Peer 1: 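Please see the structure below; I have some questions.
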Amino acid sequence: MFLFDKLKKMGVTRVLLIKGLKDTNVAQYFLTFHERITSQFSNRQSKAWHILTKLFRDKNSATGIPKLIHSLVFSNDVGKVYCLADDVMIEAEHELETILSKLKNLWSVKQDVKFEGYSYNIGDFIVRTVDARHKGMLVEVEYLPTTYPHAASSILSDFIDLIMPKDADIVRWDEKGDNSYKKVGLSEETFTRIHTAYQYMTLFKSESLL
């Protein structure tokens, strides 16, 4: 049995893509943001973290249109994998990804990407960043005191505005329309880590990060 009976509770997150500072390459921009966080918030120390994401393609689709499974693993969430398949998000044990990789006659790995970065603990918030290579930098901001998205919405927005460089080109994840939690079978009232995975996946797709 791969699906967990209960999803892990956590805070509420919001994921966004910063496309970079004007006239600044991605590597320099990543360093600029790191220095901004560590100096603005009492020299907060950073910890390395990463995201692993794979895209599996169905080799035997009867319709002629291959089905895709998008998987995502967080380095700070050991043993879990989050998958999007047929507009349904699931949380599973990491062995599910291993099994898919071994079923080479049924599934092929179309893409396999590791995004690396840093995390920062700042009071009631955790800020996580990963280098999105030539596209810029992904930033995840987690507000810890609540698991209710509506209660955290304005607080997250204010904190994100506080830490973002004024001249940055930012793509914010938006849950409206095609990105609705309800569309992929997720609760709109209680937030879990699988919601965060879905935010990353929609940004990967909309901004062609894979």
Side-chain angles (χ1 to χ4, degrees), residues 3-18 30 32-53 71-84 89-94 115-132 136-165 168 170-176 179-182 184-204:
L3 296 184
F4 285 93
D5 293 328
K6 294 184 179 180
L7 298 178
K8 180 181 177 182
K9 288 191 175 182
M10 48 169 282
V12 178
T13 69
R14 188 168 298 168
V15 179
L16 52 97
L17 173 69
I18 309 176
F30 201 86
T32 298
F33 189 86
H34 172 80
E35 292 175 345
R36 179 185 178 89
I37 291 293
T38 53
S39 63
Q40 186 175 1
F41 297 98
S42 303
N43 295 314
R44 294 285 178 176
Q45 296 299 309
S46 61
K47 296 180 180 179
W49 89 297
H50 64 264
I51 298 170
L52 296 173
T53 184
S71 70
L72 191 148
V73 174
F74 299 110
S75 64
N76 63 331
D77 202 1
V78 179
K80 307 288 185 64
V81 59
Y82 303 95
C83 298
L84 176 62
M89 284 293 300
I90 61 172
E91 176 184 355
E93 295 178 10
H94 192 261
F115 295 96
E116 297 180 284
Y118 299 94
S119 66
Y120 310 83
N121 292 307
I122 306 172
D124 287 336
F125 299 89
I126 299 176
V127 177
R128 301 180 180 96
T129 65
V130 290
D131 186 351
M137 183 173 70
L138 285 161
V139 179
E140 173 195 331
V141 180
E142 180 177 357
Y143 179 59
L144 297 170
T146 184
T147 59
Y148 298 104
H150 302 299
S153 181
S154 61
I155 297 172
L156 280 168
S157 293
D158 290 344
F159 186 75
I160 289 170
D161 289 341
L162 177 65
I163 65 174
M164 289 297 107
I170 301 172
V171 178
R172 299 174 186 262
W173 182 85
D174 187 355
E175 64 181 298
K176 298 177 181 178
N179 294 335
S180 167
Y181 290 133
K182 185 181 295 185
V184 292
L186 299 180
S187 169
E188 295 182 330
E189 301 300 327
T190 303
F191 201 93
T192 65
R193 196 63 177 155
I194 196 170
H195 291 73
T196 306
Y198 179 57
Q199 291 183 23
Y200 275 106
M201 289 177 180
T202 54
L203 277 178
F204 287 160

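Small disclaimer: the values here were computed from a predicted structure and weren't measured.
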Peer 1: Measuring only between side-chain heavy atoms, which start at C-beta, is Ile37 closer than 4.5 Å to Ile122?
Peer 2: yes
Peer 1: State the CE-OG distance between Met201 and Ser71, to the nearest 0.5 angstrom.
Peer 2: 6.5 Å
Peer 1: For a side chain to side chain contact (heavy atoms under 4.5 Å, CB included) check, start with the C-alpha distance between Ile163 and Val127, then their side-chain angles and the critical distance, and finish with the verdict.
Peer 2: CA-CA 10 Å; Ile163 65 174; Val127 177; 4.1 Å; yes
Peer 1: What distance separates Tyr118 OH from Asp131 CG, expressed to the nearest 0.5 Å?
Peer 2: 10.0 Å
Peer 1: Are the side chains of Met164 and Leu16 in touch, meaning some heavy atoms are under 4.5 Å apart?
Peer 2: yes
Peer 1: Determine whether Thr147 and Thr192 make a side-chain contact, defined as any pair of heavy atoms from C-beta on separated by less than 4.5 Å.
Peer 2: no
Peer 1: Is there a side-chain contact between Leu138 and Thr129 in this structure, where contact means two heavy atoms from C-beta onward sitting under 4.5 Å apart?
Peer 2: no
Peer 1: Measure the spacing between CD1 of Ile160 and OH of Tyr143 and express it to the nearest 0.5 Å.
Peer 2: 13.0 Å
Peer 1: Using the side chain to side chain contact (heavy atoms under 4.5 Å, CB included) criterion, which residues pair with Thr53? Sequence neighbours excluded.
Peer 2: His70, Val113, Phe115, Phe204, Leu210
Peer 1: Quiz question: by atom type and distance under 3.5 Å, do the side chains of Glu189 and Tyr181 form a donor-acceptor pair?
Peer 2: no
Peer 1: Is the ring centre of Phe33 less than 6.0 Å from the ring centre of Tyr120?
Peer 2: no
Peer 1: Who pairs with Glu35 by side chain to side chain contact (heavy atoms under 4.5 Å, CB included), at least two apart in sequence or on another chain?
Peer 2: Leu31
Peer 1: Identify whether the distance between the nearest side-chain nitrogen and carboxylate oxygen of Arg128 and Asp77 falls below 4.0 Å.
Peer 2: no
Peer 1: Within the 3.5 Å criterion, strictly below it, is a donor on Thr196 or Thr13 matched to an acceptor on the partner's side chain?
Peer 2: yes
Peer 1: State the CD1-CD1 distance between Ile18 and Ile170, to the nearest 0.5 angstrom.
Peer 2: 5.5 Å
Peer 1: How long is the gap from OH on Tyr148 to CD on Glu188, to the nearest 0.5 Å?
Peer 2: 15.0 Å
Peer 1: Any side-chain heavy-atom pair from Phe41 and Leu162 closer than 4.5 angstrom?
Peer 2: yes
Peer 1: Does the side chain of Ser153 come under 3.5 Å of the side chain of Arg14 through a donor N or O and an acceptor N or O?
Peer 2: yes
Peer 1: Report yes if some heavy atom in the side chain of Phe74 is under 4.5 Å from a heavy atom in the side chain of Tyr82; otherwise report no.
Peer 2: yes
Peer 1: Examine distances only and state if a side-chain atom of His195 and a backbone atom of Ser187 form a donor-acceptor pair shorter than 3.5 Å.
Peer 2: yes
Peer 1: Within this structure, what is the OG1-CE distance for the pair Thr146 and Met10, rounded to the nearest 0.5 Å?
Peer 2: 11.0 Å
Peer 1: Taking all non-hydrogen atoms of both residues, which atom of Asn179 and which atom of Trp173 are closest, and how far apart?
Peer 2: O-CZ2, 3.6 Å
Peer 1: Find out whether Glu140 and Trp49 are in side-chain contact, i.e. whether some heavy atom of one side chain is under 4.5 Å from a heavy atom of the other.
Peer 2: yes
Peer 1: May I ask you to decide if Ile194's main-chain N or O and Glu91's side chain share a donor-acceptor pair within less than 3.5 Å?
Peer 2: no
Peer 1: I'd like to check the side chain to side chain contact (heavy atoms under 4.5 Å, CB included) partners of His50; sequence neighbours left out, ordered by chain and number.
Peer 2: Leu52, Ser75, Lys114, Glu116
Peer 1: Is any side-chain heavy atom of Leu72 less than 4.5 Å from a side-chain heavy atom of Tyr200?
Peer 2: yes
